[in-house]
Amino acid sequence: MNYTLVVYGAPYSTQASHSALRLAEALPAQGHRVTTVFFYHDGVHNGSSLMQPPQDEPHLLTRWRALHADQQCELLVCVAAAVKRGIHDASEATRHGHEAHALEAPFELTGVGQLLVASQHSDRTVTFAP
Amino acid sequence: MTRKTLIIVRHPPHGSSWAREGIEVVLVGGALGVPVDVLFDGDGIFCLLQGQEAGALGQKGTLPMLKAFPMYDIDTVLVSRPALEARGLKADALAIDGDVVEPRDCLAHYHSILTF
């Protein structure tokens with residue numbers, strides 16, 4: 001089956017990101033795959049390429065990137081929720097006059113409508129809230 | 001068969017951005033023509049009370065977004081009967097019209113459910 005995962009929790013603040021990754025990484029062994037991970041609410045902070053956890057903690061950004069590489073899933077970040085929390089990609093940063101940006105591929109900024117579309121096209125939608 | 005999504009709002013209108021960010025998904029669904037219904041449950045039914053204004057923290061009120069539902073073709077607004085009763089509220093205290101329902105009887109009708 002195809003899965004959409006929805007992540008509302010910020011990295012390292014709650015269990016949400018860890019649990020979403022653990023489910024996502026376990027799906028292929030059961031014959032399933034993740035097609036879309038959608039980050040909304042505080043979950044948009046998962047898309048920050050500037051995150052730098054201590055070396056003895058799981059590196060969530062590295063694992064999201066590996067998930068994308070392994071399962072070719074989309075990593076979609078709600079643009080409205082992200083930009084107001086300071087998570088810009090290069091073009092949003094330029095548009096708003098900021099010198100720095102935090103979000104880079106394989107994460108993509110997109111409208112929240114993509115969450116509904118992804119959910120419609122998936123067999124299962126699983127939400128990871130704080 | 002049309003795959004319909006239910007958005008459940010469980011948080012009150014002030015104190016966090018949960019209700020606002022959930023209601024935004026409802027409106028976007030309407031704007032894009034993606035079939036969505038909305039259920040207000042738990043403290044989320046406080047979003048439906050009349051006479052709300054912007055909060056002390058400068059958060060915008062959510063009531064104008066609810067009043068825009070008909071413009072966005074959001075026809076089905078569900079209100080949890082147990083949530084109303086637990087808070088001593090009657091349906092006629094609500095600022096918009098909704099169908100008072102038992103949530104457990106509704107959930108199986110939907111392909112997916114997003115909870116806020």
Side-chain angles (χ1 to χ4, degrees), chain A residues 1-10 13-16 19-20 23 27 32 34-47 73-74 76-87 108-130, chain B residues 1-39 41-44 47 54-55 57-60 62 65 68-69 72-76 103 107-116:
Chain A
M1 288 198 287
N2 292 329
Y3 279 68
T4 289
L5 307 187
V6 193
V7 180
Y8 296 152
S13 300
T14 70
Q15 193 183 319
S19 298
L23 175 68
L27 285 175
H32 308 307
V34 179
T35 48
T36 302
V37 185
F38 196 94
F39 301 92
Y40 193 47
H41 197 72
D42 289 343
V44 298
H45 290 287
N46 284 278
C73 58
E74 304 174 301
L76 304 182
V77 181
C78 172
V79 60
V83 166
K84 71 180 171 186
R85 289 172 171 87
I87 306 293
E108 301 170 53
L109 288 182
T110 183
V112 78
Q114 288 306 307
L115 166 60
L116 292 166
V117 171
S119 180
Q120 262 199 325
H121 291 142
S122 297
D123 299 305
R124 295 285 184 272
T125 300
V126 185
T127 298
F128 296 86
Chain B
M1 186 185 124
T2 310
R3 289 183 156 188
K4 211 162 193 187
T5 299
L6 178 67
I7 315 289
I8 305 182
V9 178
R10 292 175 44 245
H11 284 81
H14 300 294
S16 76
S17 65
W18 283 112
R20 163 165 290 274
E21 292 191 332
I23 294 164
E24 279 175 359
V25 177
V26 178
L27 294 178
V28 166
L32 296 180
V34 177
V36 292
D37 291 347
V38 57
L39 164 68
D41 200 358
D43 284 344
C47 295
L57 305 182
Q59 288 180 313
K60 287 186 278 188
T62 47
M65 298 167 76
F69 280 169
Y72 285 81
D73 296 324
I74 304 298
D75 302 321
T76 303
L107 305 186
H109 302 312
Y110 295 93
H111 171 68
S112 59
I113 296 174
L114 298 169
T115 307
F116 294 91

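Just so we're clear, the structure is a prediction, and the values are computed from it rather than from any experiment.
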A/H41 vs A/Y8 aromatic rings, parallel, tilted or perpendicular, using cut-offs 30° and 60°? perpendicular
Please determine whether a side-chain nitrogen of the Lys or Arg among A/R85 and A/D42 lies less than 4.0 Å from a carboxylate oxygen of the Asp or Glu.
yes
When the 4.5 angstrom heavy-atom criterion is applied to A/S119 and chain B, the contacting part is both
Bottom line for B/T5: the part with an atom under 4.5 Å from chain A's heavy atoms is side chain
_Under 4.0 Å between a side-chain nitrogen and a carboxylate oxygen: does that hold for A/K84 and B/E24?_
no
Ranked by heavy-atom pairs below 4.5 Å to chain B, first place among A/L116, A/V6, A/L115 goes to A/L116
Check the side chains of A/T110 and A/Q114 for a donor-acceptor pair under 3.5 angstrom, ignoring hydrogens and angles.
no
Bottom line for A/T4: the part with an atom under 4.5 Å from chain B's heavy atoms is neither
